[in-house]
Amino acid sequence: MTSTVQAPVFNRGIDFSKPVFILLAAVLAVLVILPLFWLMVYSFTDIDRNVTFDNFIKLVTDRAMRRSFGIAIGMAALVGILACVVATPMAWLVARTDLPYARFVRILVTASFVTPPFLGAIAWEILAAPNSGILNILYRWIFGLTDGEFLFDIYTFTGLVFAISCYTFPYVFTLVANALDRVPSDLEDASSILGAKWLTTLRRVTFPMVVPAMLAGALIAILQALTMFGSPAILALPAGFHVITTKIWSLFQYPPKLELAAAAAIPLLLLTIILLRGQKWILGRKGYTVLGGKSGAPRVTELGKFKWLAVAFVFGILCLTVIFPYLALIKTAFTETIDAPLTWESFTLKHFNFVFFEFSATRLAVFNTLLLGVLTATICTVIALVVSYLVSRKSVAGAGILGVLATAPVAIPGIVLGVGLFLSYANPTFMLYGTLWILLIAFLTIEMPAGYQQLSSAFQGVHPELEEASRILGATRLKALWQITAPMLRTSVVATWCFVFIGTIRELSATILLTTANTKLVSVIIYDLNESGDLGAISVLGLLLLVVSFIVVYIASKMPLGAGRLQPRG
């Protein structure tokens, strides 16, 4: 007599994958398509909503508009070039030489990432303003010059390019350093065996393999400079010239010219798309593939007698981008005036007292900033997690459209999105202008691509075996995601949350068009205080932003890795 053992049959719960897919598609479509729709409507109509091309004709015929576009493009191109000139040799020194303190250098470059560019621009205002800048005060004191003499003037086109480059060069540095870490030593060793000197090997072997990464980083730097609002508003407007982002912002001042602002945003949107496509083409067409087995560790070049010259070069860059600006903010926060020396006699906490106890707008701005930061990071991470899962596992027909919608906002500059959201939600249908809801929508749209890309990459490293086992035992797809996959991606999820949180609290380009007196954020308060010249209070708020950002980064770095990892099948 034989007996047959049957596999247990489990009742599956209701699979909500399709309803969730439909819901997410609708949410992402509203986030992305609605502001672009109203942007197009306003740009191609007049005040009575009659179809017209007059708005674009004005763009071409208005000398001020043409000049703002030209200055913005020239400024962005120079930023990209300067970022490459500075970051590429610095990345090589850190990644492929025996440079002392290389790990510390990488940490400080990360600090440049965390620093909001508009805060860096204000720090350089403190350092290099013609009359009150600390460096110019020292210059006059050392050489016994009169008050009218100065060495540096940050309120110039050159000063603007310099200030923006300080906070865009990390994009080039990171991509080039990562590319150098992946260059196999085998090719460089072969070059040396064939008699090439280290400089020849660097020029003919190593450098060509990182050119795509350098060009991709340069395009990111150009894109950041082209779409940036904060630094140009702080440095260019006092100098008497506009770039396109500040020009679009000026069209919202009384009397507002919404149709012209919408039309001006379209070329900026197209330029952004072109730059992103160029970056993708470079990385896709100019890559290098190493054939063969496992290569050796990256080859380290000994600097010898040039070691301390290299240290001086790297330290000089870090002084300009991180150390001097941070010291300027700290010094200004704790002294009565900028020109006062940092001594016990001049030490004061009056700026802290003003910011936290006397200035009523601060508490509301801090609350709004932290609330929106937490809500945006949480909602964005959850949506990005589910979208990444549905796309990577192809669990629903047409899931790829979610990835397209989640990635699309990366092509929308912040100022353009701000214009589109204002036109979409300030009308009588929604009336969200003046509420935190419109800011939450803006931040979700801006941060969604970064959240999705990070978690999508994380899913590529997790094999679906355990999910399949969970499904066999009766779990739905979403239950398998929450109970099996998400815990394994804990580190990536936390990192995404932190990344989105930091991006939210430092955003200014879209925020400046969408806030009112009751919805001010710390970034906007800093910008408003800069117009009134209260640099002490600005320094306190800037340090607050930096401290919160670094605490979040530190907590993320201390998070334990996931409880388990899937082993590759043999």
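Note that the coordinates shown come from a computational prediction; the quantities given were computed from them, not determined experimentally.
- L93 places a side-chain heavy atom less than 4.5 Å from the side chain of F313.
- One distance of note links CG of L375 with CG of L370; it measures 11.0 Å at 0.5 Å rounding.
- Counting non-hydrogen atoms of other residues, nucleotides and ligands closer than 6.0 Å to CD1 of I142 gives a total above 12.
- Checked against the 6.0 Å centroid threshold, Y433 and F422 count as a close aromatic pair.
- Expressed to the nearest 0.5 Å, how far CZ of F550 lies from CD1 of I502 amounts to 8.5 Å.
- The closest side-chain heavy-atom distance from T407 to Q453 is below 4.5 Å.
- Residues in residues 234-243 take part in these side chain to side chain donor-acceptor pair (under 3.5 Å) pairs, two or more places apart or across chains: H242-T246.
- Under the 3.5 Å distance criterion, the side-chain polar atoms of R66 are matched with a main-chain donor or acceptor of T61.
- S424 and F430 make their closest contact through O-CD1, 3.4 Å (heavy atoms, listed as atom of the first residue, atom of the second, distance).
- Here the two rings, on Y139 and F143, have centers that are under 6.0 Å apart.
- A donor-acceptor pair under 3.5 Å is absent between the side-chain atoms of H351 and the main chain of F334, judged by distance alone.
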Go through the steps to decide whether T115 and Y326 satisfy the test side-chain hydrogen bond (donor to acceptor under 3.5 Å, both in side chains), and finish with yes or no.
CA-CA 9 Å; T115 307; Y326 280 25; 2.5 Å; yes
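- Across every non-hydrogen atom of L175 and A216, the tightest pair is CD1-C, 4.0 Å.
- Of the possible polar contacts, none joining the N136 side chain to the F150 backbone as a donor-acceptor pair under 3.5 Å is found.
- Between M90 and the choices V85, L99, L318, the side-chain contact (heavy atoms from CB on, under 4.5 Å) rule is met once, by L318.
- Rounded to the nearest 0.5 angstrom, E507 CD and L417 CG are separated by 8.5 Å.
- With a 6.0 Å radius and a threshold of 12 heavy atoms from other residues, nucleotides or ligands, F347 has its CZ atom above the threshold.
- Looking at T245, its side chain does come within 3.5 Å of a backbone N or O of M228 through a donor-acceptor pair.
- The main-chain N or O of S523 is never found under 3.5 Å from a side-chain atom of R506 such that the two would form a donor-acceptor pair.
- In this structure the side chain of Y171 never reaches within 4.5 angstrom of the side chain of L219, judged on heavy atoms.
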What's the verdict on side-chain contact (heavy atoms from CB on, under 4.5 Å) for F152 and L127, showing C-alpha distance, side-chain angles and the deciding distance?
CA-CA 9 Å; F152 305 103; L127 286 165; over 6 Å; no
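- Partners of N518 according to the side chain to side chain donor-acceptor pair (under 3.5 Å) rule, which considers only residues two or more places apart in sequence or in another chain, do not exist here.
- Residue F499 qualifies as open at atom CZ: its count of foreign heavy atoms under 6.0 Å is 12 or below.
- Summarising the geometry of I415 relative to S509, their closest heavy-atom pair is CD1-O, 3.5 Å, with the distance given to 0.1 Å.
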Trace of the side-chain contact (heavy atoms from CB on, under 4.5 Å) decision for L545 with I505
CA-CA 8 Å; L545 274 184; I505 66 174; 4.1 Å; yes
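- Of all non-hydrogen atoms in P89 and C84, the two that sit nearest each other are CD-O, 3.9 Å.
- In this model, no donor atom of one side chain and acceptor atom of the other lie less than 3.5 Å apart for W92 and T97.
- Under the 6.0 Å cut-off for aromatic ring centres, W124 and F162 qualify, their centroids lying closer than that.
- The minimum heavy-atom distance between L39 and G420, with the atom names listed, is CD1-N, 4.1 Å.
- Using cut-offs of 30° and 60° on the angle between ring planes, the pair F173 and F169 is perpendicular.
- The local environment of OH in Y425 is crowded, with over 12 non-hydrogen atoms from other residues, nucleotides or ligands closer than 6.0 Å.
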In sequence, state the C-alpha distance, the side-chain angles, and the governing distance for S532 and D534, and then conclude on side-chain hydrogen bond (donor to acceptor under 3.5 Å, both in side chains).
CA-CA 6 Å; S532 63; D534 197 341; 5.5 Å; no
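- A donor-acceptor contact shorter than 3.5 Å links the side chain of K331 to the backbone of A340.
- In this structure, the side chains of F252 and L258 come closer than 4.5 Å at one or more pairs of heavy atoms.
- Looking only at side-chain heavy atoms (C-beta outward), I248 and F229 stay at 4.5 Å or farther from each other.
- When every heavy atom of L59 is checked against every heavy atom of M65, the shortest pair comes out as CD2-CE, 3.4 Å.
- Side chains of T343 and S346: a donor-acceptor N/O pair is present below 3.5 angstrom, by distance only.
- Residues V366 and L544 meet the side-chain proximity criterion, which asks for heavy atoms closer than 4.5 Å.
- For the pair M448/I383, a side-chain contact is recorded, criterion being any heavy-atom separation below 4.5 Å from C-beta on.
- Taking CG from L108 and CZ from F113, the interatomic distance works out to 13.5 Å, rounded to the nearest 0.5 Å.
- Taking CG of L303 as the reference point, atom CH2 of W308 lies at 10.5 Å (rounded to 0.5 Å).
- Checked options I441, T445, V500; the residue passing with T376 is V500 (criterion: side-chain contact (heavy atoms from CB on, under 4.5 Å)).
- No side-chain donor-acceptor contact under 3.5 Å links S132 to the backbone of A129.
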Starting from the C-alpha separation in whole Å, work towards a yes-or-no answer on side-chain contact (heavy atoms from CB on, under 4.5 Å) for E447 and T504.
CA-CA 8 Å; E447 299 299 331; T504 300; 3.9 Å; yes
Going through the checks in order, is the side-chain contact (heavy atoms from CB on, under 4.5 Å) test met by S492 and L455?
CA-CA 7 Å; S492 296; L455 289 176; 4.2 Å; yes
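- Counting only distance, with no hydrogens or angles, the side chain of Y167 and the backbone of T321 share a donor-acceptor pair below 3.5 Å.
- For the pair L160 and F241, the minimum side-chain heavy-atom distance is below 4.5 Å.
- Between R67 and D62 there is no salt bridge, since no side-chain nitrogen of the basic residue lies less than 4.0 Å from a carboxylate oxygen of the acidic one.
- Although no hydrogens or angles enter the test, the distance criterion places no donor-acceptor pair under 3.5 Å between the side chain of N353 and the main chain of L349.
- Checked by atom type and distance alone, the side chain of T519 never pairs as donor or acceptor with a backbone atom of G434 at under 3.5 Å.
- Taking CG from L260 and CG from L251, the interatomic distance works out to 5.0 Å, rounded to the nearest 0.5 Å.
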